[in-house]
Amino acid sequence: MTAPYPQSQAAGHTLPRRVRAGYSLGSLATGAFGTVPGLVLLPYLTDTLGIAAGVAALLVLLPKAWDVLVNPVVGRISDRTRSRWGPRRPYLLLGGVALAVLFAAMFAGPVGTGTDAGWYVAFAFLATATAFAFFQVPYVAMPAELTTDYQERTRLMTWRIAVLAVAILVSGAVAPIVVAAGGSGLSGHRWMGLFVGALILAGAVGAFVGTRAVPVGAVGESEPTLRAQLAVVAGNQPFRLLLACFVVQSAGIATVLAGVNYFVVQVLDDAESGTTWAFAAFVGPALLVMPVWSRVGARVGKLRAFVWASLIFAAGAFALVASPLLPYVLPYLLIVVIGCGYAGLQVFALAMLPDCIAYDTARTGRRQAGVFTGVWTAGETFGLAFGPGIYGLVLQLFGYVSSDTGLAAGQSANARLGVLLGFTVLPAVLVGLPLLFLRRYHLTPADLTPAGLAPARP
């Protein structure tokens with residue numbers, strides 16, 4: 001057994017603002033890729049390429065399911081990388097550049113509409129998801145190595161989620177505008193791909209440059225095989241419980257992203273600007289409530305604050321089922337409530353993850369943050385893909401009619417009901433129910449103090 005992994009100069013101390021800001025810029029890339037495919041890809045397939053909703057759901061789901069296999073491998077590669085930039089930072093640049101280029105290519109296919117175009121998008125999405133794994137896994141692994149301070153991780157995640165909220169707001173709200181300004185249909189989506197690709201590139205380069213002055217440790221001893229590393233991951237009960245909860249919740253979040261365009265067009269009858277307003281209502285509040293959630297977490301603990309945020313999200317989503325009976329503005333206000341819960345849910349899940357990794361380091365004496373974050377991002381990515389997949393299947397079951405005109409076709413009352421239930425009840429259940437997994441989660445500052453990984457008081 002080796003000594004604990006080498007610490008950065010900032011470990012155990014307050015990180016400089018420039019480091020928090022630099023690291024958080026990577027969320028421009030993760031936020032854009034985590035948002036835009038979930039928001040526009042399913043409608044692009046059904047309402048522009050003319051792909052049946054059920055088939056489109058599979059085309060969205062299967063490439064992301066690949067990440068379940070590749071992400072842990074990327075984590076192991078990252079753990080064992082030796083370079084003058086450290087084990088993580090090379091992938092911020094190389095993976096980020098590849099991600100930006102491939103994302104733009106995903107919406108720039110040589111085929112027009114129909115089945116062949118759908119297959120092109122599926123294969124391009126597979127390549128893009130692979131590039132994303134090489135960026136995201138090392139990026140998510142870095143906080144566990146930047147600091148060992150329990151509360152500093154929450155502060156670092158608060159910065160990251162604030163930038164993530166900006167990225168989601170800009171990419172999610174502006175992407176539909178770019179599509180419309182570019183002429184809608186195939187042309188508009190090509191321009192949108194270039195816009196989002198540029199945003200991803202800015203975030204990747206920003207994170208690479210912004211973390212250049214912070215040593216994040218050298219390669220240390222890890223388990224000899226990937227199978228052995230995954231066994232260690234499976235034996236980490238706090239990580240296992242948190243992961244199970246967050247994977248299911250990610251699917252719930254993704255159903256909101258996938259359904260927002262359908263919801264505002266078919267339920268709210270606001271095709272002109274509804275998607276932009278709804279997305280702004282979902283993400284905009286995060287910028288205001290993030291400091292509030294940080295203080296709540298410091299006062300009541302990360303776990304309790306995480307539960308509160310999840311319940312706020314679930315309650316807002318469930319209440320939204322009454323939208324057809326509500327005055328025009330109230331559904332958007334309920335989406336604001338969902339957004340407030342979403343902000344806290346993201347902050348505390350990502351602040352609890354490094355605690356689980358640090359717990360493993362203390363328990364085994366081995367440095368394996370990459371494998372843990374590989375498994376984490378694989379689960380999260382699968383959840384984010386499963387959300388649009390299951391939403392597309394709901395549309396299929398309720399009789400949604402596809403179109404190849406770039407505009408949604410007229411829908412039956414039954415199809416509109418499927419749109420509503422998939423956007424409200426489904427995410428409420430997927431976000432609220434998995435909290436049951438956390439009944440045995442036990443990591444607190446007191447638990448980590450004996451290992452020297454947290455201060456004596458929160």
Would you indicate whether the side-chain heavy atoms of Val196 and Ile200 approach each other to under 4.5 Å?
-> yes
Please tell me if the side chains of Val170 and Phe195 come closer than 4.5 Å, counting only heavy atoms from C-beta onward.
-> yes
Note, Asp355 side chain near Lys302 side chain (heavy atom, < 4.5 Å) | yes
Do Tyr139 and Arg160 touch side chain to side chain, with heavy atoms closer than 4.5 Å?
-> yes
Is the centre of the Phe103 ring less than 6.0 Å from the centre of the Phe107 ring?
-> yes
Within a strict 4.5 Å, meaning less than it, do heavy atoms of the Tyr91 and Ile77 side chains meet?
-> yes
Quick one: pull up CH2 in Trp376 and CD in Gln136 and give me the separation to the nearest 0.5 Å.
-> 11.0 Å
Counterpart residues, side-chain hydrogen bond (donor to acceptor under 3.5 Å, both in side chains), relative to Ser323 (two or more places apart) = none
Residues 413-423 side chain polar contacts: donor-acceptor under 3.5 Å, at least two apart:
from: Asn414; atom 1: ND2; to: Phe398; atom 2: O; distance (Å): 3.3
from: Arg416; atom 1: NH1; to: Gln411; atom 2: O; distance (Å): 2.7

CZ/Phe386 to OH/Tyr391 distance, rounded to the nearest 0.5 angstrom?
-> 15.0 Å
Go through the structure and list residues passing side chain to side chain contact (heavy atoms under 4.5 Å, CB included) with Ala281, not counting sequence neighbours.
-> Ile335, Val336
So how far is it from Leu326 CG to Leu268 CG, rounded to the nearest 0.5 Å?
-> 9.5 Å
Residue pairs passing the side-chain hydrogen bond (donor to acceptor under 3.5 Å, both in side chains) test where at least one lies in residues 337-352, sequence neighbours excluded = none
So, is the end of the Arg89 side chain (NZ or CZ) under 6.0 Å from the ring centre of Phe208 and within 45° of the ring's axis?
-> yes
For Leu435, check side chain to side chain contact (heavy atoms under 4.5 Å, CB included) against everything at least two apart and list the hits.
-> Cys245, Gln249, Phe306, Val307, Ser310, Leu311, Leu438
Please identify each residue that fulfils side-chain hydrogen bond (donor to acceptor under 3.5 Å, both in side chains) with Tyr23, with sequence neighbours left out.
-> none
Separation between CG (Leu320) and CG (Leu333), nearest 0.5 Å, reads 10.5 Å
Determine whether the side chains of Tyr400 and Ser412 contain a donor N or O and an acceptor N or O closer than 3.5 Å.
-> no
Measure the spacing between CG of Leu99 and OG1 of Thr30 and express it to the nearest 0.5 Å.
-> 9.5 Å
Side-chain heavy-atom pair Thr46, Tyr262 within 4.5 angstrom cut-off | yes
What heavy-atom pair brings Ala167 and Leu199 nearest, and what distance separates the two atoms?
-> O-CD2, 4.4 Å
Evaluate the side-chain proximity of Leu49 to Leu186: yes if any heavy-atom separation is below 4.5 Å, no if none is.
-> yes
If you measure from CG on Leu41 to CG on Leu45, what distance do you get to the nearest 0.5 Å?
-> 5.0 Å
Side-chain contact test, heavy atoms from C-beta onward, threshold under 4.5 Å: evaluate it for Val292 versus Val296 and give yes or no.
-> yes
Output, in order, the C-alpha distance, side-chain angles, deciding distance and verdict of ring-ring contact (aromatic ring centres under 6.0 Å, His included) for Tyr328 and Tyr332.
-> CA-CA 8 Å; Tyr328 175 78; Tyr332 291 100; 5.3 Å; yes
For Val347 and Ser294, what are the C-alpha separation, side-chain angles and deciding distance, and is it a side-chain contact (heavy atoms from CB on, under 4.5 Å)?
-> CA-CA 8 Å; Val347 165; Ser294 184; 6.0 Å; no
Sidechain-backbone polar pair: Asn236 side chain, Ile357 backbone, donor-acceptor under 3.5 Å = no
